[in-house]
J.: 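Please read through the structure below; I'll follow up with questions.
Naming convention: chains lettered A, B, ... in sequence-line order (proteins, then strands); numbering from 1 in each chain. What's counted below: heavy atoms across the whole structure, side chains too, no hydrogens, waters or symmetry copies.
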2 protein chains.
Amino acid sequence: MAGSTAERILDVAHKLIADRGYAAFSYADIASEVKVSKATIHHHFPLKEDLVVAVLRRHRQRLGEGLAQMDGAASDPFDRLTYYMKYWEACIQKKTEPICIAALLGAELPSLPADVATEVRFHFADLHRWLQQTLELGEKQKSIRLTQATSREADLLMATVHGAMISARAYQSSAVFSQIVDATLQRLSPAAVSA
Amino acid sequence: MAGSTAERILDVAHKLIADRGYAAFSYADIASEVKVSKATIHHHFPLKEDLVVAVLRRHRQRLGEGLAQMDGAASDPFDRLTYYMKYWEACIQKKTEPICIAALLGAELPSLPADVATEVRFHFADLHRWLQQTLELGEKQKSIRLTQATSREADLLMATVHGAMISARAYQSSAVFSQIVDATLQRLSPAAVSA
DNA sequence: CCTATATTACCGACTAGTTGGTAGACATGC
DNA sequence: GCATGTCTACCAACTAGTCGGTAATATAGG
């Protein structure tokens, strides 16, 4: 029950979006869970688009903060990537955030309202930027081994993680995700060329 | 206008699912496009679940036929994988089938009716089986280079392709998909170890 | 060949319930 | 007084799904 009503609405909305995507959750669902009336939700977020955009903005801001924090905590770019992936591994395992909502909404993109779609694309751009920068630094410092241009490697990495989230859903197990993360990190590690 | 009414319904349903996922398309959408009444669709597919299960079954059957055909046409497992990926690349580029509906529905899994979810998981299992068999054969014949057990490599491959489909949506360009496919094939190729 | 009987495919009109969204009233606190 | 937050009550539009009925097409049996 922590946080303001608006924040609790965002929390539940985030959870429901992660579960069902855009179309399959309703204001009524949120209302019953947050224990406020539907009208209250409309007071804070007049349109469904507004609500989902707000959820995505918060998600994107948190991502930005998290990545910045990671950049501060770990000097080695390889470690940064490791932390990023292990963070998601923990989320999926503990089911606190079983999938990245931007990945889910990315799949549904053609049917999303324009401003929601824009916000989803911002997330992809943000994540791509961080991944590319991290890979580039790692390549310079020789702590990451690449075979493609950093931009392409960033795309490959992002796709792998998103796909792994979906597979974890399909298999109803976080093990696939862990294995894919481990294999990916091993591929990027300069140490173990053939172990 | 080719095919029976039931087939045309399945065609449009498949297209709409690929666009919007499960919840965001309606019988009315199909009715207006196929130019039959809603009641007609219910006549052929009583429940929405039935319709989507039928779409998935047909999709899975076509996949099976396509893979079997590929196994017959190409003796080299590496070529088979190449054909598989290039097939999707063409679909995405020409927008004939902009995404694998099983991947999209995989992301929406927690909110799907049980029998639809089961059918989605069948698709994952089928594809995994074929990938693993192909990788295993390729490893034996030394036409494919792996660093993990074939089952894990199959999971990695599937996740990469699915994630690449979502990225293509987000970037509104098939280029990302092509690049990811090329990088992946290069990684699996035994020839160019470092080019 | 010619009825009688199913079966299939289709439709307009309907139902019960849900959807996102609105209007207006009532608190609470600055 | 006025802004903020919340509520009940409401709405039009849409949802999946049903109903009763019609036309056409088989499939019989005599």
J.: Looking at T5(A), does any N or O in its side chain come under 4.0 Å of the phosphate oxygens OP1/OP2 on dG5(D)?
T.: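 So the side-chain polar atoms of T5(A) never come under 4.0 Å of the phosphate oxygens OP1 or OP2 of dG5(D).
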J.: Indicate yes or no: does K86(A) engage E89(A) in a salt bridge with an N to O separation below 4.0 Å.
T.: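 So K86(A) pairs with E89(A) through a salt bridge.
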J.: Quickly work out the K48(A) NZ to dC14(D) C1' distance and round it to whole Å.
T.: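 Atom-to-atom, K48(A) to dC14(D), this comes out as 13 Å.
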J.: Just call it for F45(A): base, sugar-phosphate, or nothing, with non-hydrogen atoms closer than 4.0 Å on any strand.
T.: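 No contact.
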J.: Once you round it to whole Å, what is the distance between P of dG17(C) and OH of Y27(B)?
T.: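 Y27(B) atom OH is separated from dG17(C) atom P by 20 Å.
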J.: What integer distance in Å separates I41(A):CD1 from dG20(C):C1'?
T.: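 It works out to 11 Å between those atoms.
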J.: Write down the distance between CG (L51(A)) and C1' (dT19(C)), rounded to a whole number of angstrom.
T.: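 These atoms are roughly 15 Å apart.
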J.: Measure from NZ or CZ of K48(B) to the centre of the six-membered ring of Y22(B) and say whether it is under 6.0 Å with the direction within 45° of the ring axis.
T.: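 Judged by the rule (NZ or CZ under 6.0 Å from the ring centre, within 45° of its axis), K48(B) counts as positioned above Y22(B).
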J.: Any Lys/Arg nitrogen of R57(B) or D50(B) sitting under 4.0 Å from an Asp/Glu carboxylate oxygen of the other?
T.: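 Result for this pair is no, no salt bridge flagged.
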J.: To check you understand the geometry: which heavy-atom pair defines the closest contact between C100(B) and H123(B), and what is its length?
T.: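 Reported closest heavy-atom pair: SG-NE2, 3.6 Å.
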J.: If only side-chain N and O atoms of S26(B) are considered, is one of them under 4.0 Å from the OP1 or OP2 phosphate oxygen of dC14(D)?
T.: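 Answer is no, no contact under 4.0 Å.
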J.: Send over the distance from I30(B) CD1 to dA16(D) C1', rounded to a whole Å.
T.: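 Taking atom C1' of dA16(D) as the reference, CD1 of I30(B) is at 12 Å.
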J.: Should D155(B) and R152(B) count as an ion pair when the cut-off is N to O under 4.0 Å?
T.: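 A salt bridge is absent here (no side-chain N lies under 4.0 Å from a carboxylate O).
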J.: Quick check: do V34(A) and T40(A) have side-chain heavy atoms less than 4.5 Å from each other?
T.: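 With C-beta onward as the side chain, the pair stays apart.
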J.: Specify the separation, in whole Å, of atom CZ of F25(A) and atom P of dT18(C).
T.: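 Between P of dT18(C) and CZ of F25(A): 17 Å.
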J.: Just the rounded figure in Å: distance from P of dG5(D) to CD of E7(A).
T.: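 Checked: the CD to P distance equals 12 Å.
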J.: Assess the side chains of Q148(A) and Q186(B): does a donor N or O sit below 3.5 Å from an acceptor N or O?
T.: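 A pair is found: one side chain offers a donor N or O, the other an acceptor, under 3.5 Å apart.
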J.: Polar atom pairs between nucleotides 7-10 of chain D and protein, under 3.5 Å, N or O only, would you list them?
T.:
unit_1 : atom_1 : unit_2 : atom_2 : d
dC7(D) : OP2    : S37(A) : N      : 2.8
dC7(D) : OP2    : S37(A) : OG     : 3.3
dC7(D) : OP2    : T40(A) : OG1    : 2.6

J.: If I take atom NE2 in residue H42(B) and atom C1' in nucleotide dA13(C), what distance separates them, rounded to the nearest angstrom?
T.: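 Taking NE2 of H42(B) and C1' of dA13(C), I get 14 Å after rounding.
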J.: For dC10(C), take OP1 and OP2 only and decide whether either is under 4.0 Å from a side-chain N or O of H44(B).
T.: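 Yes, within the criterion.
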